[in-house]
Structure formats: structure tokens, C-alpha cells
Amino acid sequence: METLRQQPNALLIDVRDEWEFEEFNLGGINVPLNDIRARKAEFTPFDPLIVICTNGVRSRIAAKDFLRQPELQSKTIYHLHGGLVEDVS
């Protein structure tokens with residue numbers, strides 16, 4: 001994942017709730033899953049988009065939702081399979 005984050009135009013999007021992000025995060029921006037659609041314009045300048053959450057479920061949902069949005073369909077979108085729980089252990 002570090003290689004992806006080092007790409008000059010990459011954006012790390014943490015889709016956990018704000019309190020989860022404050023408790024532990026890897027950087028990037030916090031956009032809770034329920035706010036993704038309302039904030040999608042913020043993501044258009046970036047590629048790739050790297051979506052993370054605790055266990056990979058919310059990030060997978062967000063990544064699939066991104067692919068349905070015409071503004072984001074041309075983006076390379078990754079989500080952290082297994083989430084942060086597997087990444088930090």
C-alpha cells in the first residue's frame with residue numbers, strides 16, 4: 001500500500017466513522033461511508049483512489065459505488081482487502 005500512497009496524485013480515503021479515524025489512522029482524508037456520494041467531487045482530481053476501513057467491508061462498498069459514478073469511472077480504485085485490522089497486525 002505504501003507504494004500506492006507515494007504516487008503523486010494518489011488519495012487515501014478512510015471511510016470509517018470520524019471517531020474511528022481519530023482513534024487510529026494512516027493519514028489521508030476521513031470521509032465516512034454515508035458521506036461518500038455527497039463528497040465525490042473532492043475525489044475527481046486524484047488517481048488512484050485508495051479506500052480503507054477497519055475490515056474491508058465499507059471500503060469495498062465505497063469502491064464499488066465509485067465505479068458507478070460517471071465522474072469517477074476512469075479512476076484506478078483500490079480498497080484494502082481485509083482492512084486495517086489485517087494491515088496493522
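Between atom CD1 of residue Ile77 and atom CZ of residue Phe46 there is a gap of 14.0 Å, rounded to the nearest 0.5 Å. With values rounded to the nearest 0.5 angstrom, Arg37 atom CZ is found 4.0 Å from Asp65 atom CG. To the nearest 0.5 Å, the span separating CG on Leu84 from CZ on Phe21 amounts to 10.0 Å. Rounding to the nearest 0.5 Å gives a distance of 9.0 Å between CG of Asp17 and CG of Leu33. Taken to the nearest 0.5 Å, the CD atom of Gln69 stands 4.0 Å off from the NZ atom of Lys40.
Side-chain atoms of Arg16 do not come within 3.5 Å of backbone N or O of Ile52 as any donor-acceptor pair. A donor-acceptor contact shorter than 3.5 Å links the side chain of Lys75 to the backbone of Thr44. Side-chain atoms of Asp14 do not come within 3.5 Å of backbone N or O of Cys53 as any donor-acceptor pair.
The environment of CD in Glu18 is sparse: at most 12 heavy-atom neighbours from other residues, nucleotides or ligands sit within 6.0 Å.
When all heavy atoms of Gln73 and Leu67 are compared, the pair lying nearest together is CG-O, 3.1 Å.
Tyr78 and Phe43 are not part of a single hydrophobic cluster, where members link through side-chain heavy atoms under 4.5 Å apart.
Counting only heavy atoms from C-beta outward, the side chains of Ile36 and Phe66 approach each other to under 4.5 Å.
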